[in-house]
Structures are given as structure tokens and as C-alpha cells.
Amino acid sequence: MLRINDILDKVQSYLSPDQMAMIEKAYVFTAAVHQGQIRLSGEPYLTHPMEVCGILADMKLDVATLVTGLLHDTVEDTLTTLDQIEENFGKDVAFLVDGLTKIGKITFESKEKRKAENYRKMILAMSTDIRILMVKLADRLHNMRTLQFQPQEKQLLIAQETLDLYAPLANRLGINWMKTELEDLSFRFLDFDAYSELARRVAKKQDKRREYTNQVKQIIQREMERSNIKGRVEGRAKHFYSIYQKMKEQNIDFDEVYDLTAFRIILDSDNVKDCYEALSMIHALWKPVPGRFKDYIAMPKANHYQSLHTTVIGPSGERVEIQIRTQAMHEWAEDGIAAHWLYKEGREISKDDEEIKRLRDLLDIQQEVQNPREFMSSLKIALFPEEVYVFTPKGEVKAFPKGATPIDFAYSIHTDVGHTCIGAKVNRAIVPLKYQLQNGDSVEIITQAGHHPSKDWLKYAVTSKALSKIRNWVKTEELEKSLSLGQDLLEKEFKKHNLKLGTASKSVEMQQIMKELHLSSFEDLLSSIGYGRISPKHIVRHFVGEGEEKKDEVVEKKPRKDRPGEEIGVSLTGLDDIMIRFAKCCHPIPGDEIIGYISRGRGVIVHTTSCPHVRDMDPERLVNVHWNIKDKKDYQVDMKVVCHDSKGVLAAISSAISAQDVNIESADVTTNNSNNTVTCFFGLNVGNLNQFKDVVDAVKRVRGIISAERVKPS
Ligand code: MN
């Protein structure tokens, strides 16, 4: 078992005494909170954080990462809180531990390879600091090293997850040794028979191979000396999983796998030219196998791996794979991103450092690194800053652009789910539709048959799919509404003249009108009326004579709710004959600024422009209207008066109102005993806004009045 002194030995070469004291403090803390917990192996739980910290120490990572390694399971598995972590070890460590706790909740159970990529991205997106991912990988590595203590079912699950998620992530960060070990461990637990058979066969050939390896190494070294190329040669057995993959991919037997050993030439020089020189030396020595040369120096791999790879026909007629690289390339190949934390004596980390540039490039770091010294501790990465990854109820991962809402999620499932979506549950709690999805959220959409999208949704959706589906729906909906309104208005106008729209619509005259108005169909005509672009009166005029029209208007005089605009003193630009009524919410009176709303089949409803309901209305159905008063009429308006409850106050208010030549239609009085006040609502009939203002002023002059004002719609 790894002891605290072993860890301190590992880090004393690159950490300060203060930093080492911090690690000791974390050790004491984690030992205390994990006290009494036992791993399945029977060992104290403490062994796990210690080993994880040891792995991180071997990678020479910074003190916050090592402390996080020791504390990574405390919040998840003990009573420790994040606040306690922050109090004892600072914000940085608390942030890292929190990140690990969140990632710890993700489990990947899908067998489908293509879905694994989304999970990997989700983990990367949640690793808002690269050190979170480093600790997670070290955690997984130690769990894989001790996987034999888990029940078999769990072994398979964890091994598969490791192979699908964590080995590729280690590869992505360029940490080859870790990727290799994770792959071999996974292989061992997933297919023990194949693994042990391979191990047995590799071992059987071991002596022979060692002899052969030494022979090849010596030849290369001798040749390098002769060509004055400085560097070292390594011959290493390939890892089991890569041999196994080769056998499977090329469908060959173990005996047909020639290159169980990979040779590497690692040059002392950092000059790339020397790599090509070494390559031509090798090709002069042994015949290259055509099509096997790969130049990863000119064209690095996605994880920035660089090397020259070639396969040649070796000394005993066998294929030999050789990699050629510089020392810097080698460090990158083995430790990847971790190579940047490797402490190098006398070497300042410079902002312009080639490798730092490469790292930043790889991690897509947008922000400038101000102070290179801060670089190590403040390296916050966002690998997919523009994306967010969430779970479906079935546990699948879906990717969305940042800022996406449940509406986007709903439309990504199906158009109908989007259209009928009325709400959403995120992590089992109801959220509003404008909620912005967060990484790792579990999203469930609530639908209701018959429900429809709203124009508001356009403000909340961000995916083009959702936006275009909502737009289409709104457009169709509006067209339908104006069609039916147009039909209504035109039918009424025809009825007025005892004409039938049905017959007229198919007449030659109608065709003529449509031609004049450049309308291609009767439906276009109806929707144009509905949108308020054409007056129905204009259409009817073609079907009745002048005199007849006048006669009809006389017949029409009967009391009704909807009255032509001129009767109530309101004109509608371009639509003088449409039915108009006042909104009940805001009761406009002459002097108010007003606006009309083309309602569905109920004519135009006039609101004050300040009416709060106007804001929610479809702007395309709003039309300009203006006052056009020919003779005095009465307009209804409501007034609210609050006054002290004293004898005669109501009578005083009434007479003040009457003195302004205004009728009181209704009065409603409530006494508030708690503060001895009275609230009255008066329904008044006034001629215009000025008259009403006079009433308010007069009422305010009454003794005992606290306030008097027009009732505003809410
Ligand atoms: Mn752990």
C-alpha cells in the first residue's frame, strides 16, 4: 500500500515545502472522513485516494490536482461538504472536487459505439478544467487495476465503459501509457479467454523475441554511430489489445502478427530534419515495405502525436516496425497534455513555447494567458464551449448548441412532440420552457394533445430545426385566422345587402375584382381582407348599385354591439366600414392614444396603446386607428377613488362628479376596516379624456380623498 511518504518522495523534486504540507493536510483530512470505509478488496478505502494521488504525482501534476486526487471521493461518499473542502483547501480544489462529483454521476451503458462519442464529449464539456479530467482518468485507472474485486457483472460494465470512454479520452489527451494500460485492463476483463491465450503465446516467444529485439537494436545503434546520428533505440513489446485488434482487423492468426515488438529511435536533437535523416538511414539499411510509411511529423494526428512510422524487411526477413521521433515528440507521445506539467529544471514556461501553443491549439483555449506562471494553476478549458450535452429519459445523450431550451429538445425528438409541448422536467423537477439546458441534465418533455406552439417560443428556441418548425406553424396559423376573419367580414357585408357570398364568389365579377387587385385566388382575397389590406365594402360595391346601397343602410339601423367605426367615432385607416368595438380591459376614451386589433371574426377591437394586453398581441394583426368624432357621444371609463371613511364623503364625491356634467353609471364601495379607508369604483360616461381629467381633479379636491385615478387594466 502506498504511504503518504511515498507520495511526498515523488513530489519533493518539484513542489515547495508549503505545497507538500498541503498534501499532508489533505491526507489527514481524507483519512479521517473515509475512516472505517472498506473497499471490496478488504483494504481500507483510503488506499484508493492514495493510489490515485500517486498516479497523479508520477505525472508530476500540480498541487491542486494532487490534493483533489486525495479528496475526489469525499463529497460523493462521505458526509463532507464542498464548503468544508473550500474552507480547508481553497476555491480551486473545491471547484475541481465539485467537477469530479458531477462527472461521477454519469454512467454509460449503451453498447452502441457511435453513441460513445457523445458521452465522451459530455465528459469533456463537464471537465471545465483539464485537471478534473486528469483526476478522473487516474481514478478510473486505479479502479481498473483493482477491478477483480467487483462482481463479474460490474466488471464487464466498467471495463466496457473504460474501453469506450476513458481509453479514448486518454488517447485524445495524448497520454499513451495510460490509454495502453486502460485498454489492456479492459480487454482482460471483457474477454479473459482471448486475453490469457494471447498473453500465453506472447510469453512463450519471449526469450526468442528478447534475443531478436537486442539484435535489431544493436544493428540500428551501430548504423546510427556510423552516420553520426545521436539518440537512443527502444524495443518494446506492443500491448495486448493492439495485437488483438490487429488480429481481428486483418483477420489473421497470432503467428501471422510479425511485429510484436515496435522499435523506436528517439533522437537527442530537437531538429526535425534529423528524423528524416534517420529515416533514410533505416531505408538504406533495410528494404521498406511499400505503403507502410507514415509521416505524422508533416501531418500530426488529431491529438498532435508526431513521429515517422515505417515498416521494413528486417535482418531475418521479418517485418519490423520502426518509429522515429525527437525527444520532445516522445514526451508528447507518452504523456500528452500531462507533459506540460512535467517540471523541468531551469526551464521557464513561456507563452510562446511551441508546445504550449500546441496544447492551447488542441484544447481550443480562447482566452489569452496573461501570466505564464499562472498558466499551470488557472488553466480552465472548455473543449466544447458552444455545445451542451443532456440525457433523454432513455439515457441517450443528445448534443445541443449552448442556450438551447426544452423547446429545442422537444423538436429534436419529433415535430409533433415540439408542437404539443407544454412543459418539461429537468432532473425530475418542472422547469419553464425558457430554461437553458445544462451539461448532464436529464430532460423529459411534457406534451398535451391539441396544444399548439406560441410565437413566444421563437425567443427561446435556438436550433434551426425548432425555429423553422415554429415559424411554419405560426405562419400557417395566421393564414388560417385571416382566412376565416376575411370570410366572416365579407359574408357580413354581403348579408347586409341581401346577397349571398357563395354565389358571388364564383361569379365573373369576382374574377374581375381579383384580377384588378392582382390576387391569384379567392382565398388570397379572403386573407387580404382578414389582414386588413382590402375593405369588404370595396368588394361588395361591385355587386350592388349606388341607390340600393343607401337603402340597405337604412334597413341596417338597429342596436348592436359591433357598430361601424363612424358610429362610435373611430376610423380605421383604409377600412372605414369594418365593425369596431372598444376593448373591455382598457375602455379607450377620446384623447387616448389607440390601436386596433383585428380579431378573429369579431371585427376590430380598439385598445389604448398603453394597454398591457397589446404587448402580447400578434403585431401583424394590429392596425392603426384614430379618433374621428362628429358629434358628442358618451364613452365608458372606470375611476378608482380611495378616501378616508368619514361621514358624507361619498355624497361629496358624487356631487363633484355630477358638477362636471358627467353621469355615474355604477358605483361599487368597499370599506377597509383595518385602516379606516374606503375604496370606490365608479363607472362613468364621459365625452373625452379632458373631461375625465377634470372629473379626477374635482374629486381630488374633495376633503378626505387619498387618491383618484383611472382604472388601468392589468
Ligand atoms: Mn474514486
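Along the sequence shown, residues are numbered consecutively beginning with 1. All ligand and atom numbering here is 1-based and tracks the order in the structure.
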Degrees at the Mn ion (ligand 1) between the OD2 atom of Asp73 and the NE2 atom of His48, nearest 10°: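 About 90° at the Mn ion (ligand 1).
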Considering only N, O or S atoms of Asp139, the one closest to the Mn ion (ligand 1):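 Nearest N/O/S atom: OD1.
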Lys25 to Phe89, cation-pi by 6.0 Å centre distance and 45° axis angle: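 Checked: cation-pi criterion met.
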Electrostatic pair Asp92-Arg131, nearest N-O below 4.0 angstrom: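 A salt bridge is present here (some side-chain N lies under 4.0 Å from a carboxylate O).
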Asp77 side chain vs Thr74 backbone, donor-acceptor pair below 3.5 Å: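 No; zero donor-acceptor contacts below 3.5 Å.
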Ring-ring centroid check Phe240 Phe187, cutoff 6.0 Å: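 Not under 6.0 Å, so no.
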Whether His72 has an N, O or S atom under 2.8 Å from the Mn ion (ligand 1):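 True for His72.
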